[in-house]
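Chain letters run A, B, ... following the sequence lines, proteins first and then strands; every chain starts at 1.
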Amino acid sequence: MPVGTGATVKGVFHRDVRDEARASIILANTYHLYMRPGMEVMEKAGGVHRFSSWEGPMLTDSGGFQVFSLAGVRKLSEEGCRFASHIDGSKHLFTPENVIDTQRTIGADIMMAFDECPPGDAPREYAARSLALTHRWLERCFDRYASTSPRWGHSQTLFPIVQGCAYADLREQSARFVQRFDADGYAIGGLAVGEPAPVMYEMIEVVNAVLPQDRPRYLMGVGTPVNILEAIDRGVDMFDCVMPTRNGRNGMLFTSEGVINIRNEKWRDDFSPIDPDGTAFVDHAYTKAYLRHLAVSGEMMAAQIASLHNIAFYMKLVRQAREHIVAGDFAAWKAEAAAKLIRRL
RNA sequence: GGGGGAAUACCAGAGUGGCCAAAUGGGGCAGACUGUAAAUCUGCUGACGUACGUCUUCGGUGGUUCGAAUCCAUCUUCCCCCA
């Protein structure tokens with residue numbers, strides 16, 4: 001949602017944590033069509049959380065990411081973050097408190113804390129100062145959370161966000177700090193923001209070594225199919241990412257055989273399905289040639305089909321991951337799948 | 001039959017004597033996109049070479065000029081107007 005609302009609405013597809021296996025997941029902004037009605041999102045001593053009305057849980061971001069992505073046009077302070085709307089220039093102030101209020105109003109099942117997300121190359125001194133601010137904000141978020149009630153008759157939970165940039169000791173410190181709130185789940189933020197992938201993986205390992213095993217770990221904003229498999233391998237349970245939709249709109253299709261740029265002329269006469277492995281999101285499988293025609297013609301349908309296809313692909317990917325974790329052959333499957341996923345077709 | 005206009009790279013279309021291998025768009029090719037200010041943005045697109053560069057291009061032919069996509073003659077093709 002645009003600046004001013006203080007939150008981004010997402011759908012989250014979550015495992016039933018009663019499964020033995022880790023890795024459930026995902027993702028898909030604004031798409032809730034993959035979720036089962038009344039599915040239990042998580043269990044905690046003494047109670048079961050139920051989703052809001054419809055097909056699945058709603059997760060909202062706090063607006064913290066805007067602190068990162070709008071770095072050029074915002075002002076950070078102890079109080080919060082000021083923005084000028086890109087739409088009408090009006091001024092807006094996000095604070096830990098009003099961001100919680102907004103998410104209460106939206107009715108999110110999972111609300112996110114308000115944090116600062118520094119860039120991947122942030123110097124240590126900045127990272128440490130930022131982390132301290134994020135932690136202070138986090139306490140304010142939970143204060144507000146504790147002093148307010150769900151508005152729409154279903155429970156609303158709040159996830160803290162681990163920060164610390166690319167510094168292992170800061171990450172570890174943060175992962176310990178956030179546990180004082182005994183949350184239903186924990187988010188890992190501030191990754192995939194410019195740092196190399198190996199650094200991201202290392203940070204995930206550091207953090208997950210500290211976070212509790214019996215609560216979902218949510219890696220925010222990640223990522224490519226391979227990123228997701230690597231993160232699952234390191235104990236992450238939940239993801240969200242714009243990649244399947246944004247890249248889909250821009251003509252990139254993820255398939256079990258590799259990545260396709262559907263605008264390429266090579267697909268012009270290719271009447272085979274987008275993915276031979278059958279990740280079609282409807283019974284009818286669109287052909288590459290048809291989708292290319294729509295994309296080249298500038299038809300909105302191309303963006304729609306590509307987005308839905310990519311989301312369906314991501315959903316299938318994590319479902320397979322879960323199955324292979326249960327079957328006990330995740331590592332072998334991951335290696336084989338990843339090799340294909342990075343190919344360009 | 002008479003009069004006028006036009007032919008430019010894959011397409012469309014600027015350019016009217018040197019700063020033109022030739023604007024701009026499209027098409028093509030490649031790349032980017034990771035808690036969505038994004039149906040977006042970037043690069044390349046005559047040949048050879050990493051590159052400075054060299055060579056061949058602006059309908060055909062022949063001229064003028066130090067120098068021509070640009071001027072002249074002629075041919076070809078297309079378009080328009082009048083009969």
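- Taking a pair to require two hydrogen-bonding distances under 3.5 Å in either a Watson-Crick or a G-U wobble arrangement, B/G18 pairs with B/C66.
- Per the geometry, CD1 belonging to A/Ile262 stands 16 Å off C1' belonging to B/A39, to the nearest Å.
- Remark: B/A12 base-pairs with B/U24; criterion is Watson-Crick or G-U wobble with both hydrogen-bond distances under 3.5 Å.
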Checklist entry - Does the side-chain contact (heavy atoms from CB on, under 4.5 Å) test come out yes or no for A/Leu229 and A/Leu317, once each step is laid out? => result CA-CA 9 Å; A/Leu229 295 187; A/Leu317 183 71; 4.0 Å; yes
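- With rounding to whole Å, A/Arg268 atom CZ is found 10 Å from B/G28 atom P.
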Hey, what are the protein-to-nucleotides 43-46 of chain B N/O distances that come in under 3.5 Å?
none

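- Comparing the same atom, C1', in B/G25 and in B/G15 gives a spacing of 15 Å after rounding to whole Å.
- A distance of about 24 Å separates the P atoms of B/A69 and B/U76, rounded to the whole Å.
- Here the side chain of A/Val296 is nearest to one of B/G28, B/A39, B/G35, namely B/G28.
- Remark: B/A47 base-pairs with B/U54. Criterion, Watson-Crick or G-U wobble with two distances under 3.5 Å.
- Between B/A6 and B/U16, the two C1' atoms lie 14 Å apart (nearest whole Å).
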Next on the checklist: Show, in sequence, the C-alpha distance, side-chain angles and deciding distance for A/Met243 and A/Thr224, and conclude whether the side-chain contact (heavy atoms from CB on, under 4.5 Å) test is met.
Outcome noted: CA-CA 7 Å; A/Met243 190 168 282; A/Thr224 67; 3.7 Å; yes
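- Applying the Watson-Crick and G-U wobble criteria (two distances, each under 3.5 Å), B/U34 pairs with nothing in any strand.
- Computed from coordinates, the A/Leu253 CG to B/A39 P distance equals 17 Å when rounded to whole Å.
- Among the atoms of the strands shown, none is found under 4.0 Å from any heavy atom of A/Gly298.
- Here, B/U42 and B/A47 have their C1' atoms 26 Å apart, quoted to the whole Å.
- Contact annotation for A/Glu195: no contact, since no heavy-atom pair falls under 4.0 Å across all strands.
- By the side-chain hydrogen bond (donor to acceptor under 3.5 Å, both in side chains) test, A/Glu172 is found to be paired with A/Arg176, residues two or more places apart in sequence or in another chain being considered.
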Checklist entry - Which letters describe nucleotides 29-34 of chain B, given B = protein heavy atom under 4.0 Å from base, S = only from sugar-phosphate, - = neither? => result SSSBBB
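- A/Leu219 comes within 4.0 angstrom of no nucleic acid atom, judged by non-hydrogen atoms across all strands.
- B/A39 atom C1' lies 5 Å from atom CE of A/Met300, rounded to whole Å.
- In this structure, A/Ile228 places its CD1 atom 13 Å from C1' of B/G35, rounding to the nearest Å.
- Annotation: B/C66 and B/U77 have their P atoms spaced 35 Å apart (nearest Å).
- One P atom belongs to B/C33, the other to B/A68, and the distance between them is 49 Å to the nearest Å.
- Going from the P atom of B/U74 to that of B/C19 covers 29 Å, rounded to whole Å.
- The nearest whole Å value for the distance from the CG atom in A/Leu59 to the C1' atom in B/G35 is 9 Å.
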